[in-house]
Amino acid sequence: MNLLANLVTMSFPYSTELVCLAMAIQGSMAVRNGANKSRSMHWFHAFFKSTLTAYAGATFTNIFMGRPTAMFANDIFFGACLLGYALVNFLPLDLGYHFFNTFPGEVFHTVLSQVFRVGGVTGFSDAAYGVFKDSPSPYYPTPIFGPILFPAALGNMGGFFFEGFDGYLSKGMPWLFQQGLSCSTFYHFYAHDLEGIVGVTLRGVLNPVAVKFMVLMGANEEESQDDVLFAKVSVGMFMVAMAIVRMPQFMGPKFSPFSLVYNVLAYPLKKKSKKEHIAPRKGKKKTQ
């Protein structure tokens with residue numbers, strides 16, 4: 001496949017090492033540009049805050065499934081945290097911090113960290129489906145909520161950890177929930193729902209387009225017919241595109257395509273409701 005498809009599916013040399021490092025750099029930059037902007041935090045405090053900013057999901061989410069967390073099970077994760085923190089905070093003349101604040105540096109850690117999240121959404125959905133596939137509910141042949149909620153929870157552990165339940169959700173649905181729920185829902189039904197009406201219908205509608213799209217992406221004949229691969233590429237391209245669009249240099253972190261669609265659809269109802277609540281003007285009394 002072409003470079004873009006290989007990027008979003010992590011099919012390139014040292015992909016795990018690079019995306020883990022990008023996540024660590026992004027977490028370190030978030031702390032350095034935020035809570036530690038004055039550099040008043042002790043290095044140990046700043047390091048672990050950077051680590052959990054980047055990897056709260058990888059640290060805690062697997063506990064819900066009774067599995068070892070990636071931070072303990074895979075040395076690359078914590079090793080990347082050490083290296084990423086050092087690059088951002090300890091290079092001579094603060095070169096790392098200044099570079100990752102430039103547009104090319106921000107694109108580097110934004111895109112690669114999002115590729116890491118793509119792998120989280122698809123991988124955690126696969127893991128949950130593998131655990132629950134033999135025990136669906138009596139109402140649908142495929143387990144529905146586990147393979148959707150498990151990867152959605154992955155990206156939101158940091159928000160809950162640092163802001164608390166009410167603090168994180170008080171302003172509505174955070175972007176990471178919007179992204180996680182939408183992408184894991186599409187991926188799960190397209191890749192795993194082999195017998196249910198939702199998955200069968202979804203593949204039936206999209207398959208002709210999917211084959212042409214995968215050929216355009218440089219897929220061979222076998223790859224172009226692979227439903228799971230198409231779902232991964234589609235989710236990956238959407239997530240990476242959104243990460244770039246939501247950079248401060250473009251639409252900014254408040255942008256959400258789902259909120260945009262909601263506002264467009266809800267506008268007529270809001271306009272009608274507003275008119276109904278406007279009190280009619282009282283006529284002027286005639287003077288005798």
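Here the structure is a predicted model, which means the values were calculated and not measured. When reading the values below, keep in mind they use all heavy atoms of this one structure, side chains included, and skip hydrogens, waters and symmetry mates.
- Between the side chain of Gln178 and the backbone N or O of Met173, at least one donor-acceptor pair lies under 3.5 Å.
- Taking both residues in full, the closest heavy atoms of Ala70 and Asn62 are given as N-ND2, 4.4 Å, listed atom of the first, atom of the second, then distance.
- For Pro151 against Gly146, the heavy-atom pair with the smallest separation is CD-O, 4.1 Å.
- No side-chain heavy atom of Val88 sits less than 4.5 Å from a side-chain heavy atom of Asp94.
- Closest approach of Ala219 to Ser224, counting heavy atoms only: CB-N, 3.9 Å.
- A distance-only check finds a donor-acceptor pair linking the side chain of Asn36 to the backbone of Ser40 [under 3.5 Å].
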Can I get a per-line list of side-chain donor-acceptor pairs under 3.5 Å for residues 154-162, giving both atom names and the distance, sequence neighbours left out?
| unit_1 | atom_1 | unit_2 | atom_2 | d |
| --- | --- | --- | --- | --- |
| Asn156 | OD1 | Tyr168 | OH | 2.5 |
| Asn156 | OD1 | Phe177 | N | 3.4 |
| Asn156 | ND2 | Ala152 | O | 2.7 |

Practice task
Take Thr142 and Phe189 through the side chain to side chain contact (heavy atoms under 4.5 Å, CB included) test and state the conclusion after the steps.
Solution key: CA-CA 9 Å; Thr142 304; Phe189 280 116; over 6 Å; no
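- Between the side chain of Asn263 and the backbone N or O of Ser259 there is at least one donor-acceptor pair closer than 3.5 Å.
- The cluster map of Ile, Leu, Val, Met, Phe, Trp and Tyr, joined by side-chain heavy atoms under 4.5 Å apart, puts Phe60 and Val121 in different clusters.
- In this structure, the side chains of Phe77 and Thr59 stay at 4.5 Å or more apart for every pair of heavy atoms.
- A side-chain donor from one of Gln179 and Gln114 sits under 3.5 Å from a side-chain acceptor of the other.
- No side-chain heavy atom of Val115 sits less than 4.5 Å from a side-chain heavy atom of Thr9.
- Note that OG of Ser113 is 11.0 Å distant from CG of Leu21, once rounded to the nearest 0.5 Å.
- Under the 3.5 Å distance criterion, the side-chain polar atoms of Ser15 are left unmatched by any main-chain donor or acceptor of Ser11.
- Val19 and Leu7 end up in the same hydrophobic cluster when Ile, Leu, Val, Met, Phe, Trp and Tyr side chains are linked at under 4.5 Å.
- Two residues are said to be in side-chain contact when any heavy atoms from C-beta on lie closer than 4.5 Å; Phe90 and Tyr85 meet this criterion.
- Taking the charged nitrogens against the carboxylate oxygens, Asp193 and Lys133 have no contact shorter than 4.0 Å, which rules out a salt bridge.
- Here the CZ atom belonging to Arg32 is positioned 12.0 Å from the CE atom belonging to Met41, to the nearest 0.5 angstrom.
- Ser50 contributes atom OG, which lies 11.5 Å from atom CG of Leu82 (distance to the nearest 0.5 angstrom).
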Practice task
Would you sort out whether Phe150 and Asp126 count as a side chain to side chain contact (heavy atoms under 4.5 Å, CB included), showing the intermediate values?
Solution key: CA-CA 10 Å; Phe150 188 47; Asp126 289 340; over 6 Å; no
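- Inter-residue side-chain proximity for Met23 and His109 is flagged as unmet; no heavy-atom pair is nearer than 4.5 Å.
- In the hydrophobic clustering of this structure, Phe116 groups with Leu4; members are Ile, Leu, Val, Met, Phe, Trp, Tyr whose side-chain heavy atoms approach within less than 4.5 Å, directly or through other members.
- Under the 4.5 Å side-chain contact rule for hydrophobic residues, Met214 and Phe186 share a cluster.
- To the nearest 0.5 angstrom, Phe108 atom CZ is 13.0 Å from Glu106 atom CD.
- Here Ser137 contributes atom OG and Ile144 contributes atom CD1; the two are 6.0 Å apart, rounded to the nearest 0.5 Å.
- Closest approach of Ala58 and Thr69 over heavy atoms only: O-CB, 3.4 Å.
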Handout entry: Tyr97 and Leu87: CA distance, side-chain angles, deciding distance, side chain to side chain contact (heavy atoms under 4.5 Å, CB included) verdict
Key = CA-CA 7 Å; Tyr97 172 71; Leu87 288 174; over 6 Å; no
Handout entry: Check against ring pair (Phe, Tyr, Trp, His ring centres under 6.0 Å), Phe48 and Phe44
Key = CA-CA 6 Å; Phe48 271 98; Phe44 191 72; 4.8 Å; yes
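- Hydrophobic clustering places Trp43 together with Leu91 (ILVMFWY residues linked when any side-chain heavy atoms are closer than 4.5 Å, directly or through intermediates).
- Side chain of His188 to backbone of Pro143: a donor-acceptor contact under 3.5 angstrom is found.
- Side-chain contact between Val228 and Thr122 is absent, with no heavy atoms from C-beta onward closer than 4.5 Å.
- Between Val198 and Tyr140, the closest side-chain pair of non-hydrogen atoms falls below 4.5 Å.
- The backbone N or O of Asn220 sits less than 3.5 Å from a side-chain atom of Glu223, completing a donor-acceptor pair.
- Here the side chains of Ile25 and Met29 are in contact, with some heavy-atom distance below 4.5 Å.
- Scanning all heavy atoms of the two residues, the minimum distance from Cys81 to Met71 falls at SG-CE, 4.0 Å.
- Between His42 and Phe47, the distance separating the two ring centers is not shorter than 6.0 angstrom.
- Side chain of Tyr187 to main chain of Ile148: no donor-acceptor pair is present (N/O by atom type, distance under 3.5 Å, no hydrogens or angles).
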Give every donor-acceptor pair under 3.5 Å between a side-chain atom in residues 232-248 and any protein atom, sequence neighbours left out.
| unit_1 | atom_1 | unit_2 | atom_2 | d |
| --- | --- | --- | --- | --- |
| Ser234 | OG | Phe230 | O | 2.8 |
| Arg246 | NE | Phe255 | O | 2.8 |
| Arg246 | NH2 | Pro253 | O | 2.2 |

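- Centroid-to-centroid, the aromatic rings of Tyr55 and Phe78 stay 6.0 Å apart or farther.
- Here the straight-line distance linking atom CG of Leu202 with atom CD1 of Ile197 works out to 12.0 Å at 0.5 Å rounding.
- Using modelled atom types, one side-chain atom of Asn2 and one backbone atom of Ala5 make a donor-acceptor pair closer than 3.5 Å.
- The two atoms that bring Thr53 and Ala30 nearest to each other are CG2-CB, 4.0 Å, heavy atoms only.
- Judged by distance alone, the side chain of Arg203 and the main-chain N or O of Tyr190 form a donor-acceptor pair under 3.5 Å.
- A donor-acceptor pair under 3.5 Å is formed between the side chain of Ser125 and the backbone N or O of Pro147.
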Exercise for the section: Decide side chain to side chain contact (heavy atoms under 4.5 Å, CB included) for Glu221 and Val215; before the verdict, give the C-alpha distance in whole Å, the side-chain angles of both, and the deciding distance to 0.1 Å. Expected result: CA-CA 8 Å; Glu221 185 175 353; Val215 171; over 6 Å; no
